[in-house]
Amino acid sequence: MGKLRDLTETIVSSWAFPALFGILSFFGWVTKFAWPFAIAEAILCFLPLITMTGRAYQAPLIMFVPIISENISFSNIPVYCYIVLIAYVASLVAYIAINRCKFKTSFPFFAFLSLILVFLISCIISIVKTEQYVSSAIFFVIGMLLVLMIATLNCDVIEEHKDSFSYLSKCLAMLSILISLEIFSYYIWNPNDLFAETFQLGWANTKSMVSTIMTLCLASYGTLIFHKKIESITSIISLIGILLLANPSGLLTMIIGFIPLILISFRSYGKAYPYISLGLCCSFVAIFAILLGYVSGFRELFIESIKSLNPSASINSQLYNYGIEGFKSNPLFGPSAQGLVGTFAGSTTLEGTITPLRNTLVTTLYMGGVIGLIAWIICEISVYSTCFLRKSQDKWVFLFMLLVSDFIGITDNSLFNLYFLGIYLLSISAFQNSFLYSKVKINDRYYSLTTKNNYCCLLYTSPSPRDRTRS
C-alpha cells in the first residue's frame, strides 16, 4: 500500500498527471462523446487530496476545458462540466480544511476583485438606465469572479518554496500539445478550412482565442530550459500549431517574443550559452526570411499582423470605434458588458456569449469607464510589482509571460477571455509560491583563504615530532 501511494504521489507531482488529463481530454474531444472521459477526470481531481500535493490542483483546471467539442456558451454549458467542477471544488475545499491552509491575501487579488466589481456595478447601472437585462453579460462578470476565487484557493493550497511555477509550466506544455493535436485533427477533417475564419474547436469558437492561449503556453517554456527532448518537442509542436492558426496577434507575438524566449531559456548553459543562443536566433531569422520571401500566404498574414498595430488601419477598427463611442456616452462607468452582445460594429455575437473589442484597454473603457481603467492600471501595477519584488529564480520567465499577455491585449482579447484569465491568475498564484533565491551568499575565495591561513597557523603553532621527543 505504501509503494502504491509513493507511486501515485510521484505521478501526481510530475508531468505525467497533466499529461493524463490531456489524453482524456483529447479522446473526449475527438470522439465527441466526453461523458466517460469527464467522469474519469472528475475522479482524478481527488488524487491531489490523497497524495497531499497542493500544486497538482493546477492540472485539472488547465487541462479540462479542451474536452468540450460542442459550441459552448453561458446558455448551453454541458452537464459533465458541472460534475467535474463540483468534484474539483469539493477536493480543493477538503484539502484546505484538512491542512488548515491559511488564506493568502495578496495585492493582485484585491486589485482584480476591484476591477470585477466595477464591471458588475457598471452592468447594474446599465440595467437601471435601459431597463434591459442581458443575462450573458451578467454571467460573464460572475464567471470572472468565479475564476478569481478558484485561482485564489489554488494559491492557498500550493506549497511554498517548491517547484510550483515549474509545475505550471509543465501543465502549459501539455496543454500546448493537447491544443496542437486538436488543431491537426481539425484540419485533417476539414482541409478546406486551412487558414479560414470558420475555424472552431467547440470550446474555442475563434482562432484568436486558441492563439492567445497557445502563445501564453509558449511563453512559459523558459522555466523548462529546453534541456530535455520532451521540452524541445513540445515547443516545436506549439510553434507549428500557432503557424497553422494564422492569427495575426499570435504570429506577431511569436515573431517578437521567440528570440527573447531563447535568450531566457538557455541562460544556464554556461560557456555554451552564447553559441547556442546565437545559432538558434540565426536559424529562426533564416526560416522567417524564407517564409516571408517564398510563401505568399505567410507574407500576407505578416503584413496583416503589422497593420493590426495601427488601430485606424486594423481590421478591428470598427470595434475600436464602437468601443470609444460607447465610452464617450458614459465615461464614468462605461456602457457595461451588456453592450457587447448581439450584432454591432460588423460582428455578430453567438447566443449566450459576449464579444470583447479585441483590445484590452478599449474593452476596459467600454465595460468599466474611467473607474474601470483606474482599477485595471492598479491590477497591472500589482502584478508587475509582485514580479519584481519576489526574489524568485522564475522571475524573468514570469515577466516574459506578463509582457506577452499585455502585448496580445493590444490586438486581441486576453484578460477578457475566461479561460485565458484563469491561466493568467494561476500563473500569478504559482509564482507567488515559487522558489526563492538563497539568502546565504558564500564567498569561496574568502573561505579558501581563511582555511589556508588557519592551516598555516596550525603548522606554525604545532610542535614538530622532534620537539615532542625532546620534551
Side-chain angles (χ1 to χ4, degrees), residues 73-75 106-149 151-152 311 316-385 405-406 408-422 424-425 428:
S73 67
F74 294 115
S75 58
S106 61
F107 187 22
F109 167 76
F110 290 110
F112 278 97
L113 180 61
S114 64
L115 177 63
I116 296 171
L117 291 178
V118 170
F119 291 158
L120 183 60
I121 293 171
S122 178
C123 286
I124 295 173
I125 293 173
S126 176
I127 293 172
V128 173
K129 282 186 175 181
T130 62
E131 297 183 355
Q132 292 181 352
Y133 171 77
V134 182
S135 60
S136 300
I138 302 298
F139 288 151
F140 172 75
V141 178
I142 294 175
M144 292 184 70
L145 187 61
L146 179 63
V147 169
L148 176 63
M149 293 303 175
T152 303
N316 300 319
S317 57
Q318 287 185 325
L319 291 174
Y320 299 156
N321 293 332
Y322 177 82
I324 297 300
E325 293 299 323
F327 165 69
K328 290 179 180 179
S329 66
N330 188 355
L332 189 60
F333 280 98
S336 83
Q338 293 210 136
L340 301 179
V341 178
T343 301
F344 60 91
S347 65
T348 302
T349 303
L350 298 176
E351 183 180 357
T353 63
I354 72 167
T355 301
L357 301 176
R358 295 294 181 90
N359 182 283
T360 302
L361 180 60
V362 176
T363 306
T364 303
L365 287 172
Y366 191 90
M367 293 174 58
V370 174
I371 305 299
L373 178 63
I374 294 172
W376 175 73
I377 292 174
I378 294 174
C379 289
E380 290 289 293
I381 294 173
S382 68
V383 173
Y384 279 97
S385 62
S405 302
D406 288 336
I408 292 173
I410 298 174
T411 59
D412 216 325
N413 302 323
S414 54
L415 289 182
F416 302 116
N417 177 309
L418 294 181
Y419 190 23
F420 185 96
L421 178 64
Y424 183 83
L425 294 175
I428 298 173

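What you see is a predicted model, and the numbers here were worked out from it, not measured in a lab.
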Can you see which heavy atom on Leu425 is nearest to which on Ala151, and at what distance?
CB-CB, 3.6 Å
Evaluate the ring planes of Phe74 and Phe140, with Trp represented by its six-membered ring, and classify them as parallel (under 30°), tilted (30 to 60°) or perpendicular (over 60°).
perpendicular
Could you tell me whether the side chain of Tyr419 reaches within less than 4.5 Å of the side chain of Val147, counting heavy atoms only?
no
Give the table of side-chain donor-acceptor pairs shorter than 3.5 Å for residues 114-121, with sequence neighbours excluded, one pair per line with atom names and distance.
residue	atom	partner	partner atom	Å
Ser114	OG	Phe110	O	3.3
Ser114	OG	Ala111	O	2.5

Partner set under ring pair (Phe, Tyr, Trp, His ring centres under 6.0 Å) for Phe109, not counting sequence neighbours:
Phe103
Distance, nearest 0.5 Å, that separates CE of Met144 from CG of Asn417:
10.5 Å
Using 0.5 Å steps for rounding, measure from the CG atom of Leu365 to the CD1 atom of Ile371.
11.5 Å
Euclidean distance, Ser336 OG relative to Ile127 CD1, rounded to 0.5 Å:
7.5 Å
Straight-line distance of Gln338 CD to Met367 CE, nearest 0.5 Å:
11.0 Å
By salt bridge (Lys or Arg N to Asp or Glu O under 4.0 Å), Lys129 pairs with (sequence neighbours left out) none
Pairs where residues 359-379 contributes a residue and the test salt bridge (charged side-chain N to carboxylate O under 4.0 Å, His left out) is met, not counting sequence neighbours:
none
Do Ile378 and Phe107 come close enough that some side-chain heavy atom pair is under 4.5 Å?
yes
Rounded to the nearest 0.5 Å, what separates atom CG in Leu361 from atom OH in Tyr320?
10.5 Å
Taking the side chain as every heavy atom from C-beta outward, state whether Leu357 and Leu340 have any atom pair closer than 4.5 Å.
yes
Hey, does Asp406 have a side-chain heavy atom less than 4.5 Å from the side chain of Tyr384?
yes
Please give me the minimum heavy-atom distance between Tyr322 and Gly339, naming the atom from each residue.
OH-O, 2.8 Å
Is the number of heavy atoms from other residues, nucleotides or ligands under 6.0 Å of Phe139 CZ greater than 12?
no
What closest approach, in Å, do Thr360 and Phe416 show between heavy atoms, and which atom pair accounts for it?
O-CE1, 3.6 Å
Any chance you could lay out the side-chain contact (heavy atoms from CB on, under 4.5 Å) test for Thr364 and Asn359, step after step, and finish with the verdict?
CA-CA 8 Å; Thr364 303; Asn359 182 283; over 6 Å; no
Heavy-atom donor-acceptor pair, Ser126 side chain to Cys123 backbone, under 3.5 Å
no
Closest non-hydrogen contact found for Pro108 with Ser382 is CA-OG, 3.5 Å
Residues which pass ring pair (Phe, Tyr, Trp, His ring centres under 6.0 Å) with Phe112, listed by chain and number, not counting sequence neighbours
none
Any side-chain heavy-atom pair of Tyr366 and Thr363 under 4.5 Å
no
Ser73 OG to Ile354 CD1 distance, which is reported to the nearest 0.5 Å
12.5 Å
Only pairs at least two apart or in different chains count here, so list each salt bridge (charged side-chain N to carboxylate O under 4.0 Å, His left out) that has a residue in residues 321-340.
Glu325-Lys328
